[in-house]
2 protein chains.
Amino acid sequence: MQISKGVEWAVHAASMMAALPEGRGLKAAALAHYHGVPTAYMAKQLQALSKAGIVQSSRGAHGGYRLAKPATDISLWDITAAIEGHGPAFRCTEIRQNGPCGLKRKDCKRPCQIAAAFSSAERAFRDSLKAVTLAHIGLQVVRDSEPEHLSDIMHWLESEVMPLSDTP
Amino acid sequence: MQISKGVEWAVHAASMMAALPEGRGLKAAALAHYHGVPTAYMAKQLQALSKAGIVQSSRGAHGGYRLAKPATDISLWDITAAIEGHGPAFRCTEIRQNGPCGLKRKDCKRPCQIAAAFSSAERAFRDSLKAVTLAHIGLQVVRDSEPEHLSDIMHWLESEVMPLSDTP
DNA sequence: GTTATTCGGACATTTAATATCCGAATAATG
DNA sequence: CATTATTCGGATATTAAATGTCCGAATAAC
């Protein structure tokens with residue numbers, strides 16, 4: 001039951017993009033360099049976010065990534081699902097149908113109690129992540145950071161941020 | 001974010017053991033055969049449950065496994081943790097300390113907001129599973145099963161159940 | 001039209017999950 | 001008490017998935 005490293009990277013990258021002015025973006029290499037992680041692998045996560053409609057990509061010179069919708073509309077679950085997939089963590093293989101006392105398929109319309117319990121637990125997990133948006137994360141970071149650190153970030157952004165064409 | 005198959009098998013096996021009379025057990029091969037899964041791999045899960053103190057094992061002739069404590073004291077989280085480990089699913093690698101604007105270690109005493117959000121979600125997941133015990137599962141199974149199916153199980157148990165010595 | 005730049009998917013590598021086997025330990029038996 | 005059959009326990013292969021890397025397709029600037 002491990003959440004892949006890519007989720008951590010994708011959330012950090014998305015949080016960074018949430019801090020950009022409207023219509024501006026960052027290229028994959030910049031996001032990777034900022035977080036000190038391999039460029040190509042970070043690019044892979046951004047690709048997944050793009051497929052999920054969380055970020056918009058622009059190719060070619062002065063290309064890059066930016067959020068596809070407001071930070072208030074992007075939850076941590078959205079990002080997690082984009083990277084890890086939407087499927088359940090607990091996969092019931094219906095072993096109650098196996099063996100000498102196996103049930104017939106027709107008697108298994110309802111999910112087994114064990115699968116139901118895990119399904120309920122995963123719902124609690126999802127709901128908790130759905131309640132946290134990139135806007136929340138950004139606000140908390142601003143509140144908890146030293147002013148000089150925020151200043152460092154601003155300066156770095158000014159040197160790396162890219163203007164993106166409006167119609168990708 | 002996948003939960004291993006072993007968790008499913010372990011929960012089913014433990015639920016079966018919860019149905020046994022006091023002081024009786026089942027050998028690994030019987031539990032595996034009942035559920036239609038490979039014996040050696042089922043044995044591995046039972047081993048993990050034994051290490052975690054959830055089941056007691058007895059070796060040698062007429063050996064086998066039985067619950068180490070009342071079914072009301074064994075939650076689905078206990079079993080999940082025994083198989084998957086107690087560590088968090090989201091592992092914060094502190095990438096906020098990396099890159100050109102990386103924070104100093106001394107400024108990272110508190111966990112980052114992202115890690116905190118995932119930690120909270122996982123707590124919700126755990127609490128949900130902790131609320132479900134083997135006793136609950138057993139009760140629900142009895143309620144939802146056809147009488148003839150319960151009869152089949154009883155007959156199978158009579159042919160496979162083993163008396164275990166009281167002091168392992 | 002040409003070129004520089006960037007994303008996108010296909011391709012290796014490493015790690016973890018899955019499955020299996022053989023030795024250590026124990027209880028029944030003579 | 002020694003022997004033997006039987007069972008669990010840890011060490012060992014195999015397979016799938018996560019991790020990491022590369023080159024071609026597409027786009028914008030010139």
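Values reported hereafter were calculated over all heavy atoms of this structure, with side chains retained and with hydrogens, waters and symmetry mates removed. The chains referred to below are lettered A, B, ... by the order of the sequence lines, with proteins before strands, and numbering in each begins at 1.
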For A:R66 and C:dT6, what is the distance between atoms CZ and P respectively, to the nearest whole Å?
16 Å
Give the residues of residues 82-102 of chain B touching DNA chain C, defined as any heavy atom closer than 4.0 Å, sorted by residue number.
none
On DNA chain D, does the nearest nucleotide to B:S50 precede the nearest nucleotide to A:G6 from the 5' side, or the other way round? Give the residue.
B:S50
Between A:Q2 and A:L46, which has a closest nucleotide on DNA chain C that is more 5'?
A:L46
Pick base, sugar-phosphate or nothing for A:A29, based on heavy-atom distances below 4.0 Å to the nucleic acid.
nothing
In whole angstrom, give the distance that lies between atom CD1 of A:I54 and atom P of C:dC7.
17 Å
Rounded to whole angstroms, how far apart are CE on B:M42 and P on D:dT7?
16 Å
The side chain of B:A61 is closest to which nucleotide in this list: D:dT6, C:dG8, D:dG9?
D:dT6
Here the distance between atom P of D:dT7 and atom CG of B:L31, to the nearest Å, is 12 Å
Quiz item: A:K44 side-chain donor-acceptor pair to D:dG20 base, under 3.5 Å:
yes
Which is true for A:A43 with a 4.0 Å heavy-atom rule: it touches a base, it touches only sugar-phosphate, or it touches nothing?
nothing
Result of checking A:I79, A:V7, A:I137 against B:I114 for side-chain contact (heavy atoms from CB on, under 4.5 Å)
A:I137
Rounded distance (Å) that lies between atom P of D:dT15 and atom OH of B:Y41
15 Å
Report, as yes or no, whether the 6.0 Å neighbourhood of atom NZ on B:K69 holds more than 12 heavy atoms from other residues, nucleotides or ligands.
yes
I need the CD-P distance between A:Q47 and D:dT19, as an integer number of Å.
16 Å
Beyond-backbone contact of B:M16 with B:L26, side-chain heavy atoms, under 4.5 angstrom:
yes
Please tell me if B:S4 has a side-chain N or O lying less than 4.0 Å from either OP1 or OP2 of C:dA16.
no
Strictly below 4.0 Å: does A:S57 bring a side-chain N or O up to OP1 or OP2 of C:dT6?
no
Just to be sure I understand the rule, does B:K5 reach a base, reach only the sugar-phosphate, or reach nothing, if contact means heavy atoms closer than 4.0 Å?
sugar-phosphate
Using a heavy-atom cut-off of under 4.0 Å over every strand shown, decide if A:T39 touches base, sugar-phosphate, or nothing.
nothing
Any side-chain heavy-atom pair from A:E8 and B:T93 closer than 4.5 angstrom?
yes
Does any non-hydrogen side-chain atom of B:R96 lie less than 4.5 Å from one of B:E94?
yes
Kindly indicate whether the side chain of B:F90, heavy atoms from C-beta on, has any atom under 4.5 Å from the side chain of A:T80.
no
Are there any protein N/O atoms within less than 3.5 Å of an N/O atom in nucleotides 22-26 of chain D, and if so, which ones and at what distance?
unit_1: D:dA26; atom_1: O4'; unit_2: A:R59; atom_2: NH2; d: 2.7
unit_1: D:dA26; atom_1: O3'; unit_2: A:R59; atom_2: NH2; d: 3.4

A:V11 side chain reached by A:S15 side chain, heavy atoms, under 4.5 Å
yes
Roughly, in whole Å, what's the span from CH2 in B:W9 to C1' in C:dT18?
8 Å
Taking the side chain as everything from C-beta on, heavy atoms only, tell me whether A:M17 gets closer than 4.5 Å to A:L46.
yes
B:K51, nearest nucleotide to its side chain (from D:dT6, D:dG10, D:dG20)
D:dG10
Are A:I153 and A:H149 close enough that some pair of their side-chain heavy atoms sits under 4.5 Å apart?
yes
Check the angle between the aromatic planes of A:W77 and A:F125 and answer parallel, tilted or perpendicular using the 30° and 60° thresholds.
perpendicular
Atom NZ of B:K27 and atom C1' of D:dC8 are separated, to the nearest Å, by 12 Å
